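Please read the structure below before turning to the comments.
Keep in mind that what you see is a predicted model, and the values were worked out from it rather than measured.
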Amino acid sequence: MTVTEPAPTQSPVPPLAARARSVGGSPVRDILAVTARPEVINFAGGLPAPELFDAEGIAAAYRAVLAEAPARALQYSTTEGEPALRAALAARTTARGLPTDPDDLLVTTGSQQALSLLATALLEPGDAVLVESPCYLAALQAFGFAGARVVAVPGDEHGVDPGALEELVARERPKLLYTVPTFQNPTGRTLPAERRAAVAAVAARRGLWIVEDDPYGELRYEGERVPWIAAHPGAEDRTVLLGSFSKVMAPGLRLGWLRAPGELRRACAVAKQAADLHTPTVNQLAAARYLADNDLDAHVSRVAGVYRERRDAMLAGLAGALPEGSVWSRPEGGMFLWARLPEPYDTTALLPRVVRQDVAYVPGAPFYAGTPDRTTLRLCFVTQTPEEIGEGLRRLGAGLRGGTPGV
């Protein structure tokens, strides 16, 4: 007689960490998954135009590195980053008005990693973090994973209000202010020079870290460059400047960097050791070789010229696409345009109806740390040609017209 053993009892596995349960995914990524059909004209993404990548120049840099130094390119590297790349980045930063030594820099796997490293190095659960309103989505995610209490600083179409910032610093005792002061994501706005000086002064008076994220600053189409907050008196010992090759070279390289005072930079390096040891060696060496063999500034200038035409095409068509009473930004550079529809339009509720017209945008609500403005939306204008933008705006107008504005 065969005796059947009773099935062993099973207990459930331990739950996910509270941070993983409480922080959701990116609404932008979710929208991109829904709108991946090739017939959709997608204004939702924050993707640079792939046809403008210098694919041959980048490929030549990889070929040279792998032919001349394969053992080094394929080996482990130092956590801080390859010396040749850090030297090139330091020279570019210095040439733009912020004296920088290679040892001031930590190379990161995209500037997004820099946010995670800074959160690890600076934030305890419950610490307050100040952000712009609205704010870059992935920054809200990074600070949320760290358990921070995220507080929005009031502002206007020009950015953060320094007076409101000072009041919040006094009341909330935050660890840091996170800002994208040039061609901000999602609004495209640029913080004026006088406000940058005022923000630096508040940080100096009140004791505050500033995290200045600058992924778009080189994509200027018109107007004069505004110096970094990091370059203002009072900000030298308390500003972390983040940079990236994603928007000016190629995002697939996953190359970013942070420039920070010594103690914080070293703490971020330790955090990076625990995260990924170092940014891929071959990518760093190829980027350094590309900078040595090519004129990146000339390439960026060409890209910016094309992006300006696309921005202008979107600006020219918005009045016919958006409901009467809508307002929108006119960015001097970057990748994004921000629009506000009249009440009672709800851009989150409207999105499915618009997607049925084979066009997409990002609703504004997820970009707010505080009470969202549900009439807002973000449009990325760099990925499509002017002709595609015109057609996309025609479809957007068709999707917004008719029916109930909030449905």
Side-chain angles (χ1 to χ4, degrees), residues 93-94 96-100 104 111 114-115 118 122-123 127-136 139-140 143 148-220 222-243 258-261 264 329-334 336 338 367-370 373:
T93 306
T94 299
R96 284 160 174 74
L98 185 61
T100 300
D104 295 330
S111 62
L115 287 176
L118 289 165
L122 285 174
L123 299 177
D127 281 346
V129 169
L130 302 184
V131 299
E132 299 163 311
S133 183
C135 177
Y136 171 51
L140 297 178
F143 301 139
R149 187 167 48 87
V150 183
V151 180
V153 182
D156 56 23
E157 70 273 16
H158 301 297
V160 166
D161 178 344
L165 172 64
E166 183 141 30
E167 291 177 8
L168 279 175
V169 173
R171 186 171 78 235
E172 303 290 344
R173 310 291 297 176
K175 282 283 187 69
L176 64 89
L177 165 69
Y178 171 77
T179 176
V180 185
T182 306
F183 314 138
Q184 193 234 18
N185 181 359
T187 64
R189 68 194 178 194
T190 294
L191 191 69
E194 61 273 14
R195 289 202 190 185
R196 297 182 186 219
V199 166
V202 170
R205 279 195 304 272
R206 294 289 186 175
L208 179 71
W209 285 104
I210 300 171
V211 177
E212 181 177 12
D213 199 353
D214 187 36
Y216 312 106
E218 293 190 53
L219 296 174
R220 175 170 286 281
E222 60 189 53
E224 295 298 319
R225 181 181 177 275
V226 186
W228 288 304
I229 297 173
H232 283 77
E236 301 93 334
D237 65 343
R238 61 198 61 219
T239 301
V240 185
L241 179 64
L242 309 186
L258 65 82
R259 178 192 184 278
L264 178 55
S329 62
R330 188 186 187 281
E332 293 184 333
F336 304 109
W338 185 248
F367 294 96
Y368 289 88
D373 182 346

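Between D373 and P134, the closest side-chain pair of non-hydrogen atoms is not below 4.5 Å. Side-chain atoms of E332 and R220, non-hydrogen and from C-beta on, do get closer than 4.5 Å to each other. L115 is listed as a side-chain neighbour of L242, based on a closest heavy-atom distance under 4.5 Å.
In terms of heavy-atom proximity, R195 sits nearest to P162 at CD-CD, 4.0 Å. Annotation for L123 and L176: closest pair CD2-CD2, 4.2 Å, computed over non-hydrogen atoms.
Ring geometry for W338 against Y368 counts as tilted: the plane angle lies between 30° and 60°, on a 0 to 90° scale.
In this model, no donor atom of one side chain and acceptor atom of the other lie less than 3.5 Å apart for R196 and T179.
Screening L130, L177, V153 against V169 for a side-chain contact (heavy atoms from CB on, under 4.5 Å) leaves a single residue, L130.
Put simply, CG on L264 and CZ on R238 are 12.5 Å apart, with the number rounded to the nearest 0.5 Å. Put simply, NE2 on H232 and CD on E212 are 9.0 Å apart, with the number rounded to the nearest 0.5 Å.
Screening residues 155-201 for ring-ring contact (aromatic ring centres under 6.0 Å, His included) gives F143-Y178 as the qualifying pairs, with residues at least two apart or on separate chains.
Looking only at distances, a side-chain donor or acceptor of E236 sits under 3.5 Å from a matching main-chain atom of G234.
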